[in-house]
There are 2 protein chains.
Amino acid sequence: MRKRSRYFAREELKKSGYKVTPARTAIIDLLSNSKKHLSAEDIFLKIHNISPNIGLTTVYRTLEVLVETGMVCKLDFGDRRARYEFSQGIEKEKHHHHLVCTNCNRIIDYTDFIEDEIELLKKTEKGLSKKYKFEIKNHIIQFYGLCNECRKKII
Amino acid sequence: MRKRSRYFAREELKKSGYKVTPARTAIIDLLSNSKKHLSAEDIFLKIHNISPNIGLTTVYRTLEVLVETGMVCKLDFGDRRARYEFSQGIEKEKHHHHLVCTNCNRIIDYTDFIEDEIELLKKTEKGLSKKYKFEIKNHIIQFYGLCNECRKKII
DNA sequence: ATTGTAAATGAAAATCATTTTCAATAATCA
DNA sequence: TGATTATTGAAAATGATTTTCATTTACAAT
């Protein structure tokens, strides 16, 4: 499983003219095994335990490359720190959207209602591409509000 | 028209226990007359022409307050600089979503397909609130990709 | 109107995620 | 096995946003 995504990633990098390096492999491995939305620093720290010679700068640069090839999604939850996760469809990742608590910054992934959402999105995407001659590559749907705990606390 | 939104804003501020100050009034006036998604600095500069004594810090603080009361939406288009716009429904603002060009950062507002989107969103929101006991206050839908010009340029 | 008090403000400094610079190193291809 | 070019790490720079702190102001109570 890990090997498969690693192989996939190698090919994907080469296809885009990038070199396959230890840093890139390590970050791909980490992300492909992680369920969460990790920040660049999260990734740096985890990698650091295994390969202390990979710097934070390289993590940023690698993430940029991975986003560019479409292997990784860059997410923004409103705190000013980007999060990264493996794109849907690379493994058997389920497509999901996010609920973001504006108080505690907790993120809930949901897959409920996704089918309807996807269907609508496809339709919308098609219409928009045509009307605005826009080549749509990605979308974001996020709901912001208060999670159960924070709702109680704040009252 | 301007007076109406100013009056509305006064009440809204008081209701939340905030004081009505010149800086707040000025920023509300500006945003309520502006169609665009302005950054804090954009707002600061425009206001500065009229009231040179209002500082950038105050602009940031005021925007925070306005977002908190729900009068203003804070938007994130992926460059690392927040944009602000008057919330739908305060005036006769049309609800819209955004197309973001990842190359030139151009933003296109679209209202097409909005009815269907809104309907689906309402349904989804209801379902999610119930399942996750989440109090949803806001949502974001954005499509990322290449605008017509950039599509041609990059090839 | 006047005043007391907490909230709001401006300027300057601090923060902190992300980028840039630059010299050194490593991945690929002939 | 080199040659060539991309990649890298460390340190410095950047730049939007926040914090600090002393001063001013809005407004409720007098």
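Quick caveat: nothing in here was measured; it's all calculated off a predicted structure.
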Taking CZ from A:Arg80 and C1' from D:dT14, how many angstroms apart are they, rounded to a whole number?
-> 12 Å
Specify the separation, in whole Å, of atom OH of A:Tyr60 and atom P of C:dC16.
-> 13 Å
When rounded to whole Å, the CD to P distance for the pair B:Glu41 and D:dT14 reads 16 Å
Given that A:Ala23 and B:Ala82 both sit by DNA chain D, which one's nearest nucleotide is further toward the 5' end?
-> A:Ala23
Can you sort out which residues in residues 48-57 of chain B have a heavy atom within less than 4.0 Å of DNA chain D? Ascending by number, please.
-> B:Thr57
Of A:Ala40 and B:Val59, the one whose nearest nucleotide on DNA chain C sits closer to the 5' end is B:Val59
Do B:Leu31 and B:Tyr18 belong together in a cluster built from hydrophobic side chains that touch within less than 4.5 Å?
-> yes
Grab the CG-C1' distance between A:Asp42 and C:dT18 for me, whole Å please.
-> 15 Å
Could you tell me the separation between the CZ atom of B:Arg81 and the P atom of C:dA17, rounded to a whole number of Å?
-> 19 Å
If we only count heavy atoms from C-beta on, is the A:His139 to B:Gln142 side-chain gap below 4.5 Å?
-> no
Would you say A:Phe77 and A:Leu99 are hydrophobically clustered, going by side-chain heavy atoms of ILVMFWY under 4.5 Å?
-> no
Side-chain touch B:His37/B:Ile107, heavy atoms, less than 4.5 angstrom = yes
Ring centres under 6.0 angstrom apart (A:His97, A:Phe143) = no
Between atom CD in A:Glu64 and atom C1' in C:dT18, what is the gap in whole Å?
-> 10 Å
Is there a path of hydrophobic side-chain contacts, each under 4.5 Å between heavy atoms of I, L, V, M, F, W or Y residues, that connects B:Leu63 with B:Ile140?
-> no
Whole-Å distance between C:dT18 P and A:Arg83 CZ?
-> 9 Å
d(CG, B:Leu63; P, D:dA16) in whole Å = 15 Å
Parallel, tilted or perpendicular for B:Tyr110 and A:Tyr132, by the 30°/60° rule?
-> tilted
Aromatic plane relationship, A:Phe44 with A:His48 - under 30° parallel, 30 to 60° tilted, over 60° perpendicular | tilted
Applying side chain to side chain contact (heavy atoms under 4.5 Å, CB included), name anything that partners A:Glu11, two or more places apart in sequence or on another chain.
-> A:Tyr7
Protein heavy-atom contacts under 4.0 Å, written 5' to 3' over nucleotides 22-30 of chain C as B (base), S (sugar-phosphate only) or - (none), form the string -----BS--
